[in-house]
Structure formats: C-alpha cells, structure tokens
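Worksheet: the structure to be examined is printed underneath.
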Amino acid sequence: MSQDKGSQNSVDVVIVGAGFSGLYLIHRLRNEGYSLRVFERGDGVGGTWYWNRYPGARCDVESMQYSYSFDEQLQQDWHWPEKFSAQPDILEYANHVADRFDLRKEIEFETAVTAANFDEAAGRWRVETDKGEKVSARFFIMATGCISTAQIPDIAGLSSYQGNTYHTGKWPHEKVDFTGQRIAVIGTGSSGIQAIPVLAEEAAHLTVFQRTANYSLPAQNMTMTPEYEGEWKDDYRARRMEMRYTPQGSLKDLNDEPALAVSEDRRREVYTERWATGGATLLGAFNNLLIDQESNDTAAAFVRQQIRKTVKDPATAELLCPKDHPIGTKRICIDSGYYQTFNRDNVELVDIKKSPIERITATGLIANGRAFEFDSIVFATGFDAMTGTLFNVDIRGRGDQALKDKWYAGPRTYLGLMSEAFPNMFMITGPGSPSVKGNMLNSLEQHVDFVTDSILHMRERGFALMEPTREAEDDWVDHVQETANRTLFPRANSWYMGANIPGKPRLFMPYIGGVGRYRQICEEKVESGYEGFRFDADPAQAAAAE
Ligand code: NAP
C-alpha cells in the first residue's frame, strides 16, 4: 500500500499532474493497492482550472456533464450554480474531490518532473524532479493535460516593457485590479473572447489586437434551475452511459440531416433556434457542417450575419467577421457578450492580420505604424498544445531515445495512450486520442480506467512491461490523419494542427473519429487480448533466472 508522500524512492507508479486526470488516477490506483508518487508543479489541485484564473474564465461544456461520473454519491451531492460553470466553481469542485477522497496527502505540490528515463535492464522508469529527487517506478503516467504550456509570442522588445504583463493561462492568484487602466489584450481565441467583456467593464480603456477573427457563439448561460438539475440527477447513470458513446462525449441535440437538404428558410430557422439555445449547439444543427464546405458556409454566413447585427460600427463588425477558415475547424468560442463589447466607447479593435505587432516598447507597443500606451498587456495567446508539456520533461525510452526526437515529425502514439519504445509510460488524453475534441472529463475518465485496467491485467497475468507494437502504432497514426483528412479541420491554421507554434509540424493531433467510436475501438482492442500491445516479463527477473 502507499506510504506517506516523500518517503519512497521506489514505487509502483509515478503520476505527473494533479489536475482532473491525476486526481482520478490517484483514487483508482490507490484503491488497487499501488504505491504512488504524484508530482504537481502548482501549489494546488485542478490543473487547467488551477492555472486559467483570468476574469471571465468559464467552461463551455455544460456543468452537469463536465464533472466526474465515477462516484454516484458525488454526482448526486454536488450542486453546480450555473448551466456553464465559472472557473472558481470548477476549482472548488476539484478541491472538494481531493478532500472527499483524501487524495491530497499523496501529492507533492510545487514540484515539477524534469526527466524520466526508462532503465531497460531493470524495466523501470527513473524519474527526476526539480527538487533534485530521483524516484524509480514501474509505471510512469503523464497526466499533464493538453493545453498546459502557456505561450507568449516572441515579440521584439518584450523585456523592455515597464508595465504589467499577464498570460490568461498563468493568471495571478490574487485579484488583479484593472480599474482606471489602459489595457491591451493580444489574442482572440476562447480565452481572449471570454476575458475581453469582463476586462472592458473594469478598464478605463481596452485595445484588442486581433490577428485572426474567430467564430464565437453565445453561451446563453443561466443560473441552474432545480428542475434542470433534478432531471439530470434522476437519470444520471443512464445519461452518463449514453454520453460515453456519443461523438463528443456529451449529450447534445445533433440533427442527423445534411444542411443542404432543407430550404434556406428552414436552415435560418434552425440556426436561429440554436443561437438562442446557446453553447456549441449550432454546430450540431446539421450532420455535415464539419465535412462539407458548402454546408459549412451556410452556418458561417449565419454567424457573420449575427455579428453584423450586433456590432454597430460596420468597419469593426467587418473586422470581427471570420472569413479565412470554416466554422468549427478552429475551436469554436463560446462567449457572454463578446461582440456587444465592441459597442462600448472604451473598447477599440486593432487588426494585425496584415502586419504583426512591430515591437513592444517601454510603455506599450507599436502596431500598424501606430504607437499605443498601456498600463497592462494581457497575452491571450494560447498554448503549445498537446505535445508542449510532454516535451518539457526529458522523456527517454528504450535505447535512450528522446520522445521529442521520436516525434520530430509529429506525435506518434497508439490510441493516444502509449508510444512504442516507451514501455509502461501512459499518457492521459494524449495526442491521437479524442481529448480536446470532446468532453474532457468523459475522455480522461475513460483513459484513467483503461490505464488502471491495463495495469491490473498485467498484475493478474504476471506481466511486467506493456508497449504498443510499431505496426499498431503506424496504423493508428495513419488512421488519425486519414480521419482528419476526411473533414474540414486541416483547412484551418489551428492549434489542433500545431499551426500556432513556429516550427511545429503541421498535422492534426487529436483523434476526430468520435469519442464514442474511439471508446468502442479501445474496448475491441481489450476484448481481442489487447491487440496492438505486447506484454513482456520482468527483464531483471529474466536475467537473474539465466
Ligand atoms: P488560442 O485559441 O490558441 O488563441 C490564441 C490567440 O492568440 C489567437 O487569436 C491567436 O491568433 C493569437 N495569437 C497568438 N500568437 C499571436 C501573435 N504573435 N500575435 C498576435 N496574436 C497572436 O488560445 P486560447 O484562447 O487560450 O484557447 C486555447 C484553448 O483552450 C481553446 O481552444 C480551448 O480548447 C481551451 N479553452 C477553453 C475555454 C472554455 O472552455 N470556454 C476557455 C478558454 C480556453 P491566430 O488565431 O491568428 O493564431
């Protein structure tokens, strides 16, 4: 059984990260009697929701669905105050889970894992932390999230700036008071679009620097009603089961009809209804919006129409209208009053599409040949997604091969769970799994269960090592790309494609074949004897027996 944290240099499992994946891993593996060391770089639990504390941060998956399903009493007891949860409520939930299941005692906070090497002779991982500790483990699990390495672009003069800078993904823990300030926000992805309306209310003046206009749909958020909550809680088990086999891991109203099969009037009616319902429901208005360009164009045109109706200044409205990518092929943004914010007198939109920000100065920045002065600059510039955090740890598998080197042309995984030559190393919601293309809570629970069950499978059969075969991995990598290529997704310069990081290989990183379909594939592999994986005996014992 596990002992007190910090006391064991040799354990069954090292887990990196105490976000939602890490917490559930601790719960499951500890219950099975495994000894653990868990390292978390923050000083609290919650992962993404620990770091992204920017004003307006909110989840765009409904609260009743963006929560753990593993414990019936937990899901019955917990009350979400709103239909779409704000970051503080999700963080409170993560803390509640950590306390309720007594998980905190396993976690070493403010400790980053810096390296992990697979010792082939011993069949064990040697893990090092930034505190200089070395730990040996049979299993090594990266539960580090998909969007956890914040990215500030390399703009000339950044270090000369005398004001305050913030990144939405590394927001200070104490409240930042922007009252009376002139603020710049750089970036109009999900984070910027959520932060801008809230910052605009507080600041004296807000300037938004937009490189690419994004499609944003209104959340139409509301206070949770007892009726809605009760409806879910009365039927939670069945609904959770159903969610698991849906395309996005959540219950949504998906219309199984192609967009062009109905009249223009009917299409407008459907889009209008879904706009009023809120959230990402508009993307489920027809079954081919993310596959067929012409169909997609109808939804994109509707959203542009809504923007033009909302934003009073026609020139600003036009700049806010996305025109360079199909709707939904960059992560759809969900907002509360984003477009309306541009009708405020204290908000200005600056287009930096044609020429990037020239440089940052001591007092502001220069863009389009114009000098701006700011008290604070907020970078809403995104993340080195999916691979950035994995590469921040010097992970080396068989033959001292670095993960970064193996993946130089893009991530190579089998099912997004493991990579060949890295035995007993698992990734939770790794590249090549649906991860960010669905309800993350649903996907991470599936992965934690898969990993735990695989470890139990090995224990039952006396295996020491698990690793995908090269063939299975090659086939899966091809399948992930072929599946993406059947959609419109590769047409956008998105972080899904690695396009936001200079020099990053351009290919679609998540698996877009559907959350439910993916779960079925995983189940089929297990049922057919873990097809595509190979299991080996303990190399140290084998050597001793010779
Ligand atoms: P993002 O989607 O990558 O957006 C980054 C923004 O910064 C883009 O507008 C990008 O422009 C801009 N940018 C980057 N480098 C720039 C530069 N050098 N100069 C000017 N602009 C630059 O990042 P994010 O908004 O943090 O969102 C990341 C993901 O986190 C989301 O897609 C979503 O999955 C998740 N998230 C979810 C929620 C939610 O649940 N509601 C909220 C926040 C975030 P380009 O588009 O031109 O690259």
Side-chain angles (χ1 to χ4, degrees), residues 47-49 51-63 65-66 84-87 90 145-156 158 166-171 184-196 198 207-219 221 248 250 278-280 320 322-325 328-336 338 349-360 365 367-368 377-386 388 429 434-441 443 492-502 504 509-510:
T48 283
W49 301 102
W51 295 103
N52 287 268
R53 296 166 186 248
Y54 59 86
R58 186 176 290 284
C59 186
D60 53 16
V61 177
E62 278 192 31
S63 316
Q65 309 198 41
Y66 192 86
F84 292 99
S85 291
Q87 173 272 335
I90 304 175
C146 296
I147 32 183
S148 34
T149 297
Q151 201 59 26
I152 291 191
D154 187 16
I155 303 175
L158 181 57
Y166 304 92
H167 189 289
T168 49
K170 269 194 196 168
W171 202 262
V185 174
I186 303 175
T188 52
S190 299
S191 305
I193 279 176
Q194 287 186 334
I196 285 162
V198 185
T207 311
V208 177
F209 291 88
Q210 172 187 275
R211 186 165 67 184
T212 310
N214 244 316
Y215 296 93
S216 188
L217 307 174
N221 189 28
Q248 285 155 349
S250 53
L320 287 166
K323 292 173 193 128
D324 70 347
H325 62 282
T329 55
K330 285 181 118 169
R331 170 64 135 72
I332 196 77
C333 301
I334 308 293
D335 71 276
S336 296
Y338 176 62
L349 180 67
V350 177
D351 178 31
I352 48 168
K353 181 91 188 157
K354 289 192 194 86
S355 56
I357 292 169
E358 285 159 44
R359 67 190 153 87
I360 294 186
L365 59 81
N368 298 335
I377 300 178
V378 173
F379 289 93
T381 43
F383 301 84
D384 186 353
M386 311 222 49
T429 64
S435 61
V436 291
K437 288 311 303 159
N439 177 353
M440 280 297 282
L441 264 285
S443 288
N493 287 322
S494 65
W495 59 259
Y496 298 141
M497 298 289 297
N500 63 327
I501 303 294
K504 198 162 170 172
M509 292 186 286

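One-based numbering, in listed order, for ligands and for the atoms of each. Predicted model only: the values in this text are computed from it and were never measured.
The closest approach between I357 and ligand 1 stays at or above 4.0 Å for every heavy atom of the residue. Using a 4.0 Å cutoff on heavy atoms, P356 does not count as a contact of ligand 1. At a 4.0 Å cut-off, at least one heavy atom of I186 sits close enough to ligand 1 to count as contact. Contact between I334 and ligand 1 is absent, with no heavy atom of the residue lying under 4.0 Å from the ligand. Within the structure, the closest approach of Y54 to ligand 1 falls below 4.0 Å when heavy atoms are considered.
Judged purely by atom type and a 3.5 angstrom limit, N439 uses its side chain to pair as donor or acceptor with the backbone of Q65. Side-chain atoms of N493 never come within 3.5 Å of backbone atoms of A499 as a donor-acceptor pair (strictly under, hydrogens ignored). Proximity of a side-chain donor or acceptor of T381 to a complementary backbone N or O of Q151 within less than 3.5 Å is detected. One N or O on the side chain of Q87 and one on the backbone of W49 form a donor-acceptor pair closer than 3.5 Å. Checking side-chain atoms of Y54 against main-chain N and O of G192 turns up no donor-acceptor pair under 3.5 Å. The backbone N or O of C333 lies less than 3.5 Å from no partner atom in the side chain of D60, so there is not a single donor-acceptor pair.
For ligand 1, one of its N or O atoms has an N or O atom of A380 under 3.5 Å away. Checked against a 3.5 angstrom limit, the closest N/O atoms of W49 and ligand 1 fall outside it. An N or O contact shorter than 3.5 Å is missing between N214 and ligand 1 by distance.
Nearest heavy-atom pair across M509 and A385 is CE-O, 3.7 Å. In terms of heavy-atom proximity, R359 sits nearest to I155 at CA-CG2, 4.1 Å.
With ligand atoms numbered from 1 in the order given, ligand 1 contributes 20 (C) to contacts under 4.0 Å with heavy atoms of I352. Heavy-atom proximity to I147, at under 4.0 Å, picks out these atoms of ligand 1: 29 (C), 30 (O), 34 (O), 35 (C). Remark: ligand 1 atoms within the under-4.0 Å shell around heavy atoms of S191 are 24 (P), 25 (O), 26 (O), 27 (O), 43 (C), 44 (C). Which parts of ligand 1 touch P153 is read off a 4.0 Å heavy-atom cut-off, strictly below it: atoms 17 (C), 18 (N). Against a heavy-atom cut-off of under 4.0 Å, C59 is close to the following atoms of ligand 1: 40 (O).
Summarising the contacts of atom 45 (P) of ligand 1 with V208, T212, T168, the nearest heavy atom is found in T212. For atom 31 (C) of ligand 1, the nearest non-hydrogen atom from the set A499, S190, G187 comes from S190.
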Exercise. Could you walk me through whether N368 and S355 pass the side chain to side chain donor-acceptor pair (under 3.5 Å) check?
Worked result: CA-CA 7 Å; N368 298 335; S355 56; 3.2 Å; yes

For this session: Apply side chain to side chain donor-acceptor pair (under 3.5 Å) to D335 and S216, showing your working.
Result: CA-CA 6 Å; D335 71 276; S216 188; 2.7 Å; yes

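The distance from atom CG of N221 to atom CZ of R58, rounded to the nearest 0.5 Å, is 4.5 Å.
Of the heavy atoms in N52, none comes closer than 4.0 Å to ligand 1. The part of K330 lying near ligand 1 is the side chain, judged by heavy-atom distances below 4.0 Å. Only the side chain of F383 comes within 4.0 Å of ligand 1, judged by heavy-atom distances. Contacts between R58 and ligand 1 below 4.0 angstrom, taking non-hydrogen atoms only, involve the backbone exclusively.
Protein heavy atom nearest atom 15 (N) of ligand 1, with residue, atom name and distance: R211 NH2, 3.5 Å.
Residue K354 qualifies as open at atom NZ: its count of foreign heavy atoms under 6.0 Å is 12 or below.
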